[in-house]
Amino acid sequence: MQIRPIHLLAAALAVPALAHSGGDHVHGFAAGFAHPLLGWDHLLAMFAVGVWSAQHGGRRVWLLPAAFVAAMALGGALGMAGYAAGFTETAIALSVLALGLAVALAWRLPTGPGLAVCAAAAVVHGMAHGAELPADGSRWGYAAGFLLATAGLHLAGIGFGRLDPAHGRWQRGFGMVAAAAGGWLLLG
């Protein structure tokens with residue numbers, strides 16, 4: 001069987017079937033790891049960062065995701081400390097829209113502005129993750145879980161972003177889907 005880009009996208013976007021979806025049964029690392037995978041807004045944004053970084057190429061393939069993970073850790077700490085702002089969900093929807101457009105249009109920003117876009121998106125996603133820390137969960141385990149899942153989504157996006165570098169049809173198609181989802185989230 002030949003592996004096609006659609007197979008990799010389906011595998012990357014697959015959500016695991018969990019016996020317990022949260023609440024009293026999932027704590028610490030498992031809850032943190034599941035959070036980015038079970039929320040389409042988070043999943044699309046983090047996968048988009050990986051695809052977008054692959055479109056940039058060079059050292060930005062690793063710099064953009066690294067900036068995202070670092071800024072997400074800061075946002076997570078803010079969320080755990082109770083600083084989740086009232087605009088967090090709107091900002092998350094805007095980040096999905098913006099990152100989707102960046103991929104769909106293959107925007108190649110200079111390093112500084114690209115890092116700023118990733119960091120701004122990551123802080124609000126981190127705030128949302130941190131604000132949803134289970135009351136009896138380990139802060140460190142929870143944070144390690146959502147940071148590791150985020151890095152995994154970035155890696156999946158990088159792999160997907162490298163599938164067709166000459167034409168980029170799959171990447172742009174994904175970007176359009178992500179941008180449309182971000183727009184839908186803003187309207188909902």
Grab the two heavy atoms, one from [X] and one from [Y], that are nearest each other, plus how far apart they are.
X: Gly141; Y: Ser138; answer: N-OG, 3.0 Å
X: Ala71; Y: Ala122; answer: CB-CB, 3.7 Å
X: Pro36; Y: Gly32; answer: CD-O, 3.1 Å
X: Leu163; Y: Gln171; answer: N-NE2, 3.8 Å
X: Ala143; Y: Met80; answer: CB-CE, 3.9 Å

Determine whether [X] and [Y] fall in the same hydrophobic cluster, where Ile, Leu, Val, Met, Phe, Trp and Tyr are linked whenever their side-chain heavy atoms lie under 4.5 Å apart.
X: Leu97; Y: Met176; answer: no
X: Leu43; Y: Val123; answer: no
X: Leu101; Y: Leu186; answer: yes
X: Leu105; Y: Leu44; answer: yes
X: Val96; Y: Leu94; answer: yes

Whichever hydrophobic residues join Trp62 through chains of side-chain contacts under 4.5 Å: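 Same cluster as Trp62: Val61, Leu155, Ile158.
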
Running the 4.5 Å side-chain criterion over Ile, Leu, Val, Met, Phe, Trp and Tyr, what cluster does Val177 land in, apart from itself?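 Members besides Val177: none; it forms no cluster.
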
Which word best sums up how the rings of His125 and His42 line up, parallel for under 30°, tilted for 30 to 60°, or perpendicular for over 60°?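 Perpendicular, since the angle between the ring planes exceeds 60°.
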
What is the ring orientation for Trp170 with Phe160, classed by angle as parallel under 30°, tilted 30 to 60°, or perpendicular over 60°?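 Trp170 and Phe160: perpendicular rings.
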
Side-chain contact, heavy-atom cut-off 4.5 Å: [X] with [Y]?
X: Leu37; Y: Leu153; result: yes
X: Leu185; Y: Trp40; result: no
X: Leu109; Y: His56; result: yes

With side-chain contact (heavy atoms from CB on, under 4.5 Å) as the test, would you mind laying out the steps for Trp52 and Val117 before giving the verdict? CA-CA 11 Å; Trp52 193 43; Val117 167; 4.1 Å; yes

To the nearest 0.5 Å, what is the distance between [atom1] on [X] and [atom2] on [Y]?
X: Arg60; Y: Leu63; atom1: CZ; atom2: CG; result: 8.5 Å
X: Phe33; Y: Leu147; atom1: CZ; atom2: CG; result: 11.5 Å
X: Thr88; Y: Met127; atom1: OG1; atom2: CE; result: 4.5 Å
X: Met46; Y: Ser95; atom1: CE; atom2: OG; result: 8.5 Å
X: Leu99; Y: Trp107; atom1: CG; atom2: CH2; result: 9.5 Å
X: Leu115; Y: Phe68; atom1: CG; atom2: CZ; result: 12.5 Å

For side-chain contact (heavy atoms from CB on, under 4.5 Å), just list the numbers for Glu89 and Ile92, CA-CA rounded to whole Å, side-chain angles, deciding distance to a tenth of an Å, and then say yes or no. CA-CA 5 Å; Glu89 291 303 318; Ile92 287 171; 4.2 Å; yes

Taking the ring of Phe174 and the ring of Phe47, is the distance between their centroids below 6.0 Å?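 Under 6.0 Å, so yes.
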
Does Gln55 use its side chain to pair, donor to acceptor, with the backbone of Val103 at less than 3.5 Å?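 Yes.
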
For His129, is there any backbone N or O sitting under 3.5 Å from a side-chain donor or acceptor partner on Tyr142?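 Checking the backbone N and O of His129 against the side chain of Tyr142, a donor-acceptor pair under 3.5 Å is found.
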
